[in-house]
Amino acid sequence: MGTTPNFGDPTFIADPYPALNELRESTPVFWNEQSGQWMLTRFQDVYETLRDRRLGRAYTHRYDHSRFARVAPDPRWAAFHQHEQWSLLSLEPPDHTRIRRLVAKVFTPRAVAALRPTLVGFSASLLDECAERDTFDLLADYAQPFSVAVIASMLGVPREDTQSLLDWSHAIVKMYELTTTDDQRVAANEAAAEFIAYTRALIATKRSAPDGLLVSELALVEDGGERLTDDEITSTTMVLLEAGHEATVNTLGNGLRGLMKHREEWRRVTTGEVDARTAVEEMLRWDSPLQMFERWVLDDGVVIAGQEMEVGQEVAMLFGAAERDPRRFPDPDRFDIGRGDPAHIAFGGGIHFCVGAPLARQEIEVSLAGLASRFPDLRLAEEPSYHPTFVIRGLQSVRLST
Ligand code: HEM
């Protein structure tokens with residue numbers, strides 16, 4: 001078996017794929033001593049595990065912490081835990097089903113298609129500003145303000161508050177890495193406390209002055225006579241704001257880096273040989289913005305890739321290894337922008353399948369189409385480097401010359 005990579009090592013993060021490929025070819029499953037998890041490397045196993053109801057994102061709906069040899073959440077990070085307690089990503093049925101049904105109404109492909117003119121408008125005005133400069137940072141000058149404006153406009157969050165949301169979200173997501181320092185935990189917890197206070201105030205405002213947008217709708221919903229609690233609305237709003245931009249921004253950054261380094265693929269996009277909608281899928285597969293998701297084994301008898309797993313064990317799915325599995329994708333290391341295979345796993349699968357996928361796809365498509373039509377000669381103005389984090393894979397900046 002290949003050696004377990006050091007997931008926090010900057011050299012590994014700079015290009016994790018050779019090590020992930022080696023690992024996947026040497027074994028479909030291995031025990032990571034350091035994180036205390038089974039790790040899955042192959043597409044089919046990850047695909048099936050995402051859909052396997054004998055595993056769950058949470059266990060507290062069925063077991064107590066001691067049964068899972070885990071401790072209760074550390075009270076030092078109480079605000080962080082509170083913020084995700086009612087997040088869709090921390091829930092299993094029946095709570096998950098109830099809240100997801102309400103959120104999903106807003107994110108149907110049809111509802112998202114109706115937002116297209118708004119997205120095109122946000123994109124065009126930001127690209128106008130970029131066009132005035134010789135170089136611009138795709139992330140700070142375009143993707144972040146774009147993506148946050150989109151989700152804020154859907155939720156009904158005032159535009160002037162979006163910078164605080166970005167700052168809180170960046171601090172909070174550090175908690176999801178395999179390597180997090182105590183300083184980062186303190187910062188994440190403080191950010192979560194501020195985010196909660198902000199969201200609670202927002203809910204109160206929407207109750208007194210409803211605007212028909214998502215937070216307002218969640219605050220007023222009566223579903224079968226049941227209302228969502230303030231804690232549920234707060235967690236839901238926060239997960240949408242967080243999930244709603246980090247991964248989209250990083251897909252644009254990682255994908256544009258790929259296109260700039262593969263000029264022939266960029267040419268195929270700028271000439272219209274490959275349309276932006278098709279291109280989005282390969283940007284998501286080839287350098288996924290989210291590299292790992294975890295599940296708890298909840299039932300007896302779970303065997304994955306021949307490995308028996310016990311109730312209480314944790315399974316980590318290595319998306320980057322699975323997305324380059326030659327058993328599923330021909331010539332998987334090749335960045336083929338016309339591949340157009342939408343059945344990758346970048347958006348997950350099963351009951352937690354990304355509720356924002358139609359929105360994310362449209363955001364990336366509109367952005368890529370705008371960039372390609374305005375700036376066909378776009379080039380990297382400097383070599384971009386990745387943030388030193390494994391799970392959330394994204395670049396620090398992507399400086400481009402027009
Ligand atoms: C390219 C961008 C995106 C990627 C790659 C992505 C990826 C994912 C993945 C892999 C999951 C499943 C996690 C799991 O199974 O454990 C997920 C869930 C989720 N995503 Fe996304 N996402 C993106 C954009 C968005 C956007 C734009 C939104 C909201 C506006 C969003 C909201 C959510 C929510 C709420 C969940 C939890 C769903 C549930 O548990 O039922 N995501 N996303």
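For ligands, and for the atoms within them, numbers begin at 1 and follow the listed sequence.
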Got a list of side-chain donor-acceptor pairs under 3.5 Å for residues 305-312, not counting sequence neighbours?
none

Between ligand 1 and the protein, tabulate every N or O atom pair separated by less than 3.5 Å, reporting distance only.
residue, atom, partner, partner atom, Å
ligand 1, 15 (O), R295, NH2, 2.6
ligand 1, 16 (O), R57, NH1, 2.5
ligand 1, 16 (O), R295, NH1, 2.9
ligand 1, 16 (O), R295, NH2, 3.3
ligand 1, 40 (O), L88, O, 3.4
ligand 1, 40 (O), H352, ND1, 2.6
ligand 1, 41 (O), H96, NE2, 2.6
ligand 1, 41 (O), R100, NH1, 2.7

Point to revise | Pairing residues for R267 by the side-chain hydrogen bond (donor to acceptor under 3.5 Å, both in side chains) criterion, not counting sequence neighbours | key: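 With sequence neighbours excluded, R267 shows a side-chain hydrogen bond (donor to acceptor under 3.5 Å, both in side chains) to E264, E273, given in chain and number order.
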
Check your understanding: Quick one: are H344 and R328 in side-chain contact, heavy atoms under 4.5 Å?
Key ->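 SC-SC contact between H344 and R328 ruled out.
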
Name each donor-acceptor pair under 3.5 Å that joins a side chain in residues 193-201 to protein atoms two or more places apart or in another chain, with its distance.
residue, atom, partner, partner atom, Å
E194, OE1, W168, NE1, 2.8
Y198, OH, D161, OD2, 2.6
T199, OG1, F195, O, 2.7
R200, NH2, D231, OD1, 2.4

Check your understanding: Do Y386 and N254 have side-chain atoms, one donor and one acceptor, less than 3.5 Å apart?
Key -> no

**Study point:** Ring-face cation of R295 near F293 (centre distance under 6.0 Å, axis angle within 45°)
**Key:** no

